[in-house]
Amino acid sequence: MDCGAHKLYHVHGLDSRQYLDQFYSENGKIIFGEDTLIFPIKNLKETFSLGHIKGDILIDLSKGSLIHHLYSACEFFKHLIVLKIQDRCILELKRWVDTRTGAFDWCHAAQLHVDLEGNSHQLEDKEKKVRSALQHVVKCNLNKENITEPIDLPPADCIVTAVLLDAISKDQDDYVRYFRKFSKLLKPGGHLILFGVIDATYYTVGGHKFHYFRYDVAFARKVLVGEGFTIDFCEVKKRSNVSDLSDYKGIIFIVAHKEK
């Protein structure tokens, strides 16, 4: 697919803070909350509460400096390892982990988690728990066969990837190639949790249009099965807002496990 004039996330980079402010902030201008916050948080809470996805290591491969999807995970994994392509995203993430001045405020996401868990009084404990678990932020290189080279990570019990494949894949072959690299980080029998945007071609950050690879639910399912995964759960949410900041039609949430 020709990306035209649209920028590529992993090639041109983006302002990670502006991305958070536009799509994940709790300020009055945010219109994507139901899709980008409530839907994933609700599904993650329900998924992890089943109790069969747990272990020592969870690896996160997601776009920007997102952490809202890791609040539930920290209850079931000892170590959260976050892989990032851009130094800017690493700095933004570490600013939050270290509670530095000017860090993005994720309190609204944490509040959603504790409210769903029926523990509204444990907001501060939830944030501390995530910060404690999230001590490994590693830069990765998508051009390498081992994307964490020269570091060899131990195989993960679970991989979470949110909207990253959509942003870095130019076409179907790219999507499969990158997915295969991500899959190599997961142990046999391990679980994959994937979030994506359906039928999207672009998103806008700071006035710049960035490329999204356009695909549908059937394609996503076909890739996972073709790469040796069994799909345990799949849900698609229709878009619930109107905005020209992105043209996605829906959000996909998939839970799968890697066959042994």
Side-chain angles (χ1 to χ4, degrees), residues 36-63 66-84 109 113 116-117 126 129-130 132-138 140 142 146-148 151-166 168-169 175-198 215 217-237 251-260:
T36 62
L37 291 170
I38 296 172
F39 177 70
I41 287 172
K42 178 176 175 288
N43 273 286
L44 284 165
K45 185 263 178 188
E46 291 174 355
T47 297
F48 284 118
S49 66
L50 295 173
H52 63 278
I53 302 180
K54 57 187 176 182
D56 291 326
I57 296 172
L58 178 144
I59 292 177
D60 174 66
L61 282 149
S62 299
K63 190 174 73 173
L66 305 180
I67 60 98
H68 67 295
H69 55 300
L70 300 178
Y71 279 100
S72 292
C74 72
E75 302 287 345
F76 298 90
F77 294 89
K78 295 178 183 176
H79 307 287
L80 307 182
I81 301 174
V82 176
L83 304 185
K84 291 298 176 193
H113 275 280
L116 283 170
E117 293 167 358
K126 175 66 78 175
K129 213 171 255 188
V130 179
S132 177
L134 208 163
Q135 293 299 322
H136 304 284
V137 183
V138 179
C140 63
L142 297 176
N146 171 16
I147 64 173
T148 62
I151 299 170
D152 285 317
L153 294 177
D157 300 287
C158 180
I159 287 179
V160 177
T161 181
V163 208
L164 182 59
L165 286 164
D166 315 36
I168 63 177
S169 303
Y175 192 100
V176 173
R177 181 166 59 89
Y178 287 128
F179 182 87
R180 199 167 286 163
K181 290 183 179 184
F182 293 3
S183 174
K184 287 180 179 178
L185 301 173
L186 185 65
K187 65 173 58 172
H191 286 84
L192 170 80
I193 299 174
L194 179 147
F195 287 100
V197 285
I198 298 299
Y215 65 94
V217 179
F219 172 77
R221 295 181 67 103
K222 180 181 177 182
V223 171
L224 268 67
V225 172
E227 294 302 313
F229 283 79
T230 297
I231 295 173
D232 303 310
F233 179 77
C234 178
E235 183 176 352
V236 178
K237 180 190 180 302
I251 308 290
I252 188 171
F253 175 81
I254 295 179
V255 180
H257 67 272
K258 190 177 183 180
E259 295 170 3
K260 296 182 179 178

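Reckoned from all heavy atoms, side chains included, excluding hydrogens, waters and symmetry mates. Counting begins at 1 with the first residue of the sequence.
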Kindly give the heavy-atom pair with the smallest separation between [X] and [Y], and that separation in Å.
| X | Y | result |
| --- | --- | --- |
| Asp166 | Gly196 | OD2-CA, 3.3 Å |
| Ile57 | Pro155 | CD1-O, 4.4 Å |
| Leu70 | Val82 | CD1-CG2, 4.1 Å |
| Ser62 | Lys84 | O-NZ, 2.9 Å |

Quiz prompt | salt bridge (Lys or Arg N to Asp or Glu O under 4.0 Å) partners for Asp232, two or more places apart | solution =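 For Asp232, no residue satisfies salt bridge (Lys or Arg N to Asp or Glu O under 4.0 Å) once neighbours in sequence are set aside.
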Practice problem: For Lys237, check salt bridge (Lys or Arg N to Asp or Glu O under 4.0 Å) against everything at least two apart and list the hits. | Solution: Glu34, Asp35
Validation row: [X], [Y] side chains within 4.5 angstrom (heavy atoms):
| X | Y | answer |
| --- | --- | --- |
| Phe229 | Leu194 | no |
| Ile53 | Phe76 | no |
| Leu165 | Tyr215 | no |
| Leu153 | Leu83 | yes |
| Ser72 | Ile41 | no |
| Val255 | Asn43 | no |
| Cys74 | Leu134 | no |
| His69 | Asp60 | yes |

Quiz item: Sub-3.5 Å donor-acceptor pair from the side chain of Lys258 to the main-chain atoms of Leu186, do we have one?
Solution: yes
Under the side-chain hydrogen bond (donor to acceptor under 3.5 Å, both in side chains) test, which residues partner [X], sequence neighbours left out?
| X | value |
| --- | --- |
| Lys184 | Glu145 |
| Tyr175 | none |
| Lys222 | none |
| Ser132 | none |

Practice problem: Could you check Lys54 against Asp157 for side chain to side chain contact (heavy atoms under 4.5 Å, CB included), going step by step and ending with a plain yes or no? | Solution: CA-CA 7 Å; Lys54 57 187 176 182; Asp157 300 287; over 6 Å; no
Nearest-0.5 Å distance that lies between atom [atom1] in [X] and atom [atom2] in [Y]:
| X | Y | atom1 | atom2 | result |
| --- | --- | --- | --- | --- |
| Ile59 | Phe77 | CD1 | CZ | 11.0 Å |
| Ser49 | Glu46 | OG | CD | 6.5 Å |
| His52 | His257 | NE2 | NE2 | 9.0 Å |
| Leu61 | Ile147 | CG | CD1 | 5.0 Å |
| Thr36 | Phe195 | OG1 | CZ | 10.5 Å |
| Glu235 | Ile252 | CD | CD1 | 10.5 Å |

Practice problem: Determine, step by step, whether Glu75 and Phe48 satisfy the side chain to side chain contact (heavy atoms under 4.5 Å, CB included) criterion, reporting the C-alpha distance in whole Å, the side-chain angles of both residues, the deciding distance to 0.1 Å, and the verdict. | Solution: CA-CA 9 Å; Glu75 302 287 345; Phe48 284 118; over 6 Å; no
Exercise. Could you walk me through whether Thr47 and Phe253 pass side chain to side chain contact (heavy atoms under 4.5 Å, CB included), step by step?
Key: CA-CA 11 Å; Thr47 297; Phe253 175 81; 3.4 Å; yes
Self-check item: Stepwise side chain to side chain contact (heavy atoms under 4.5 Å, CB included) test for Leu192 and Phe182
Solution: CA-CA 10 Å; Leu192 170 80; Phe182 293 3; over 6 Å; no
